[in-house]
Amino acid sequence: MPEPTTAVAEPPRKTRDAPPGGSEFAPLLRTVRGQGLLERRPLWYALRIATNALALAAIVTGVVLIGNSWWSLLLAPLLAVFCARTAFIGHDAGHSQITTGKPAARAIGLVHGNLLLGMSYAWWNDKHNRHHANPNHIDKDPDVVADVLVFTGEQAKVRSGFRRWLTRSQAWLFFPLTLLEGVALKVHGFQDLRRQPPRERAVEGLLLVAHVAAYATLLLTSMSPGRALAFAALHHALFGLHLGLAFAPNHKGMEMPDPNGEPWGHLRRQVLTSRNIRGGILTDWFLGGLNYQIEHHLFPSMPRPHLRLARPLVRAHCLELGISYAETGLVDSYRQALRHLHEVGEPLRAE
């Protein structure tokens with residue numbers, strides 16, 4: 001059974017309670033910087049990028065060699081897993097974890113996002129940076145805007161028609177809905193091209209089209225249209241599920257700042273809205289380092305291998321200030337997230 005959530009329980013205090021002479025975050029930042037945890041790890045990332053590229057190349061080679069056989073579908077789950085690794089690399093590039101130079105970071109992001117995944121790097125970066133600035137803020141975080149899912153009772157009240165039914169059952173439907181996320185990410189990328197300036201649009205659009213063309217060519221020249229469709233459906237469904245499993249534990253069911261209340265300082269805004277996942281090397285690999293969500297939100301540019309090293313420093317600092325530091329097992333994190341979604345839909349089920 002998963003261990004219960006670890007937290008130092010105390011009602012959230014506002015920024016005005018910060019120690020005199022500085023913010024609550026400043027001492028922690030000095031400690032982390034002093035230990036070199038914000039320094040880049042280019043060789044670590046170079047090895048991961050090369051390993052991931054070789055794995056993708058091996059899977060593509062396997063698809064070609066197996067050819068028009070249903071056995072080729074066995075490679076779809078593997079492709080989904082390594083596409084998720086590709087997404088994690090693109091995510092880290094967007095946060096400047098890999099390199100301090102913006103052109104290099106963008107190039108890595110465009111290759112791993114647009115070209116390899118068919119997912120717009122610019123769209124993801126814009127959306128994700130807004131989320132990082134105000135996590136779980138109902139008016140400012142695009143990840144908690146009422147859409148397919150809702151995250152507060154107020155959002156649930158105004159649902160109607162099919163979306164009202166969806167909200168009633170959203171906890172049960174959450175993981176099935178993630179099966180569509182792989183395709184949705186591609187659609188959002190193409191839709192976002194209209195927002196982008198002409199030069200950026202040309203580069204992003206060209207790479208997105210190149211991905212679709214290469215992916216379709218690979219499948220349609222290797223197998224029949226029926227098998228190609230089955231492979232693509234399985235690959236994208238499992239890719240979406242993998243990303244859903246990685247993102248679901250991070251913020252769902254955590255504190256949601258009052259839009260009309262006093263703003264929290266950086267430390268509380270990031271810590272109180274985030275949840276860490278316990279685990280070892282396998283958990284780190286499977287979740288792409290996002291299991292250290294608190295540390296990642298406090299230090300978005302911190303290289304992935306340093307997040308686990310920052311964890312005890314952050315936890316000790318929160319303990320000293322009496323700030324709740326949420327950490328639990330992977331299975332329990334899903335339980336907490338789904339319970340929150342279930343509770344939001346409860347009033348609609350009582351009608």
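A quick note: this is a predicted structure, and the numbers were derived from the prediction, not measured. These values consider heavy atoms only, across backbone and side chains, with no hydrogens, waters or symmetry-generated copies.
Residues satisfying the side-chain hydrogen bond (donor to acceptor under 3.5 Å, both in side chains) test with T86, not counting sequence neighbours, are N52. For W165, the ring-ring contact (aromatic ring centres under 6.0 Å, His included) partners are F162, not counting sequence neighbours. Listed by chain and number, the residues in a ring-ring contact (aromatic ring centres under 6.0 Å, His included) with F190 amount to none (sequence neighbours excluded). Residues forming a side-chain hydrogen bond (donor to acceptor under 3.5 Å, both in side chains) with Q97 (at least two apart in sequence, or on another chain): Y45. Taking F239 as the reference, nothing meets the ring-ring contact (aromatic ring centres under 6.0 Å, His included) condition, with sequence neighbours excluded. With sequence neighbours excluded, the residues satisfying ring-ring contact (aromatic ring centres under 6.0 Å, His included) with H131 are H128, H251, H297.
Using a 4.5 Å cut-off between side-chain heavy atoms of Ile, Leu, Val, Met, Phe, Trp and Tyr, with links allowed through other members, L272 and I294 fall into the same hydrophobic cluster. Taken together through direct or relayed side-chain contacts under 4.5 Å among Ile, Leu, Val, Met, Phe, Trp and Tyr, F25 and L309 form part of one hydrophobic cluster.
Counted by atom type alone, N68 and R227 present one or more donor-acceptor pairs between their side chains at under 3.5 Å.
To the nearest 0.5 Å, atoms CD (E200) and OG (S120) are separated by 7.5 Å. Between the NZ atom of K157 and the CG atom of L348 there is a distance of 10.5 Å, given to the nearest 0.5 Å. The CG atom of N250 sits 7.0 Å away from the CD1 atom of I277 when rounded to the nearest 0.5 Å.
Under the 4.0 Å criterion applied to side-chain N and carboxylate O atoms, R168 and E346 are not assigned as salt-bridge partners. Look at D284 and R304 and you find no salt bridge, because none of the NZ, NE, NH1 or NH2 atoms lies under 4.0 Å from a carboxylate O. Classification of D147 and R163 as a salt-bridged pair holds, one side-chain N sitting under 4.0 Å from a carboxylate O.
Between H242 and F286, the ring centre distance stays below 6.0 Å.
The closest donor-acceptor contact from the side chain of R311 to the backbone of L307 lies at 3.5 Å or more, if one exists at all.
Across L287 and R85, no two heavy atoms sit closer than the pair N-NH2, 4.5 Å.
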